[in-house]
Novice: 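Okay, handing you the structure first.
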There are 2 protein chains.
Amino acid sequence: MKPSKPSKSRVLEFVHEAAGDLHKAGFIDKRRMRQFDALCLQPIAPYSSTRIRALRARHRLSQAVLASVLNTSLSTVRQWEIGQKQPSGPSLKLLSILDKRGLEALL
Amino acid sequence: MKPSKPSKSRVLEFVHEAAGDLHKAGFIDKRRMRQFDALCLQPIAPYSSTRIRALRARHRLSQAVLASVLNTSLSTVRQWEIGQKQPSGPSLKLLSILDKRGLEALL
DNA sequence: AAAAAGTGTAACACTTAGTGTTATAGATAG
DNA sequence: CTATCTATAACACTAAGTGTTACACTTTTT
């Protein structure tokens with residue numbers, strides 16, 4: 001199912017652009033286009049412990065508050081920042097939302 | 001640390017309101033207020049398998065697309081909907097964002 | 001009509017994130 | 001001086017996450 005042979009993001013980029021044109025031309029409705037967007041989401045880059053810590057510092061949040069915002073436990077956030085555990089997929093998604101859209105997007 | 005004795009959300013509601021007043025009165029700055037918001041976030045209600053399925057149907061997404069959006073695996077979404085596994089905390093958070101703010105908030 | 005692709009159920013086994021707990025410690029507020 | 005907040009660290013248990021396979025149904029393509 002997943003190609004994953006050719007670096008992917010390049011290919012998807014191209015395909016996505018093409019789909020965008022089709023949309024403008026009226027061959028793909030808005031809903032289909034959104035689904036397309038979703039499937040083409042490139043996997044979120046892993047957040048290192050230092051990057052998580054930096055992100056948290058940038059927003060001036062304590063580990064406890066960040067845990068609340070992400071709906072996870074304090075213990076978990078701690079271990080991310082120490083490097084003992086890696087954030088799961090959904091956690092990475094939330095981190096990237098915080099990164100790109102700010103705290104308000106998660107409240 | 002966590003009281004968790006008296007139903008909590010009631011208490012937090014009250015405290016939060018009080019803090020809001022303090023903010024208006026100028027005793028708490030905006031940043032502190034946001035942190036307060038975050039800590040007072042009431043834990044997200046669990047999404048049942050049928051509710052997840054309904055949410056997905058409402059947005060007309062396939063299981064595969066939903067998995068992409070939440071940055072998790074197809075296998076995981078399947079098991080949520082069959083009721084074999086429960087979504088983790090961060091996953092619940094993402095589901096509630098999709099629920100309340102729509103797909104765009106996750107792209 | 002037949003083949004191919006998309007969608008979903010089901011079962012299985014493995015890995016690892018998530019969690020709670022406890023002890024320790026520095027900083028800071030009351 | 002002592003609580004409280006903040007964070008590190010180690011530990012063990014549970015359950016979520018994942019990949020895989022096989023099967024079935026529907027829709028699309030050739």
Side-chain angles (χ1 to χ4, degrees), chain A residues 1-4 15 19 22 27-28 31-32 35-36 38-40 43-44 46-96, chain B residues 1-5 15 19 22 27-29 31-32 35-36 38-40 43-44 46-96:
Chain A
M1 288 298 125
K2 291 185 179 177
S4 74
V15 175
L22 288 176
F27 290 107
I28 301 181
R31 175 130 13 204
R32 285 278 167 205
Q35 293 213 15
F36 203 85
L39 255 183
C40 284
I44 293 166
Y47 274 69
S48 68
S49 57
T50 56
R51 204 169 153 208
I52 294 174
R53 179 172 253 114
L55 176 60
R56 179 170 65 83
R58 186 150 60 83
H59 289 273
R60 322 232 176 188
L61 304 172
S62 68
Q63 291 176 336
V65 171
L66 180 60
S68 281
V69 170
L70 304 183
N71 197 33
T72 188
S73 73
L74 177 55
S75 173
T76 295
V77 171
R78 290 210 199 293
Q79 288 177 93
W80 289 348
E81 294 198 2
I82 299 173
Q84 288 186 353
K85 296 285 171 66
Q86 307 296 322
S88 65
S91 297
L92 286 174
K93 181 79 188 191
L94 286 170
L95 287 171
S96 86
Chain B
M1 290 299 124
K2 291 187 179 177
S4 76
K5 285 266 178 66
V15 175
L22 288 176
F27 290 105
I28 302 180
D29 65 12
R31 173 128 17 201
R32 284 278 167 204
Q35 292 213 16
F36 203 85
L39 254 184
C40 282
I44 292 167
Y47 274 68
S48 69
S49 57
T50 57
R51 206 171 153 207
I52 294 174
R53 180 171 254 115
L55 176 60
R56 180 171 65 84
R58 185 151 61 83
H59 289 273
R60 322 232 176 188
L61 305 172
S62 68
Q63 292 176 335
V65 171
L66 180 60
S68 280
V69 170
L70 304 184
N71 197 34
T72 188
S73 72
L74 177 55
S75 173
T76 294
V77 171
R78 291 209 199 293
Q79 288 178 92
W80 290 348
E81 294 199 2
I82 299 172
Q84 287 185 353
K85 296 282 172 68
Q86 308 295 323
S88 66
S91 298
L92 286 174
K93 181 80 187 190
L94 287 170
L95 287 171
S96 86

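By convention in this document, chain letters (A, B, ...) are assigned in the order of the sequence lines, proteins followed by strands, and residues within each chain are numbered from 1.
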Novice: Sequence neighbours excluded, which residues qualify as side chain to side chain donor-acceptor pair (under 3.5 Å) partners of B:Ser96?
Specialist: none

Novice: Going by the rule side chain to side chain donor-acceptor pair (under 3.5 Å), which residues pair with B:Ser88 if we only count those two or more places apart in sequence or in a different chain?
Specialist: B:Ser91

Novice: Taking only residues two or more places apart in sequence or in another chain, which ones pass side-chain contact (heavy atoms from CB on, under 4.5 Å) with A:Thr76?
Specialist: A:Thr72, A:Ser73, A:Trp80

Novice: Going by the rule side chain to side chain donor-acceptor pair (under 3.5 Å), which residues pair with A:Ser49 if we only count those two or more places apart in sequence or in a different chain?
Specialist: none

Novice: For B:Leu55, give me all partners under side-chain contact (heavy atoms from CB on, under 4.5 Å), at least two apart in sequence or on another chain.
Specialist: B:Tyr47, B:Arg58, B:His59, B:Leu95, B:Leu98, B:Asp99

Novice: What is the distance, to the nearest angstrom, from the CD1 atom on A:Ile52 to the P atom on D:dA7?
Specialist: 14 Å

Novice: For nucleotides 21-26 of chain C, give me every protein contact, N/O to N/O, under 3.5 Å, one pair per line with atom names.
Specialist:
none

Novice: What is the distance from CG of A:Leu92 to P of D:dG17, rounded to the nearest Å?
Specialist: 13 Å

Novice: Provide, to the nearest angstrom, the distance between the OH atom belonging to A:Tyr47 and the C1' atom belonging to C:dA17.
Specialist: 19 Å

Novice: Can you tell me the distance, in whole Å, between the CD atom of B:Gln63 and the P atom of D:dT18?
Specialist: 14 Å

Novice: Can you list the residues that meet the salt bridge (Lys or Arg N to Asp or Glu O under 4.0 Å) rule with B:Arg56, with sequence neighbours excluded?
Specialist: B:Glu81

Novice: Applying side-chain contact (heavy atoms from CB on, under 4.5 Å), can you list everything that pairs with B:Gln84, at least two apart in sequence or on another chain?
Specialist: B:Gln79, B:Ile82

Novice: Taking 4.0 Å as the cut-off, does a side-chain nitrogen or oxygen of A:Arg56 come that near to OP1 or OP2 on D:dA7?
Specialist: yes

Novice: Grab the N/O contacts between the protein and nucleotides 13-16 of chain D below 3.5 Å, and write none if there aren't any.
Specialist:
unit_1, atom_1, unit_2, atom_2, d
D:dA16, O5', B:Gln86, O, 3.2

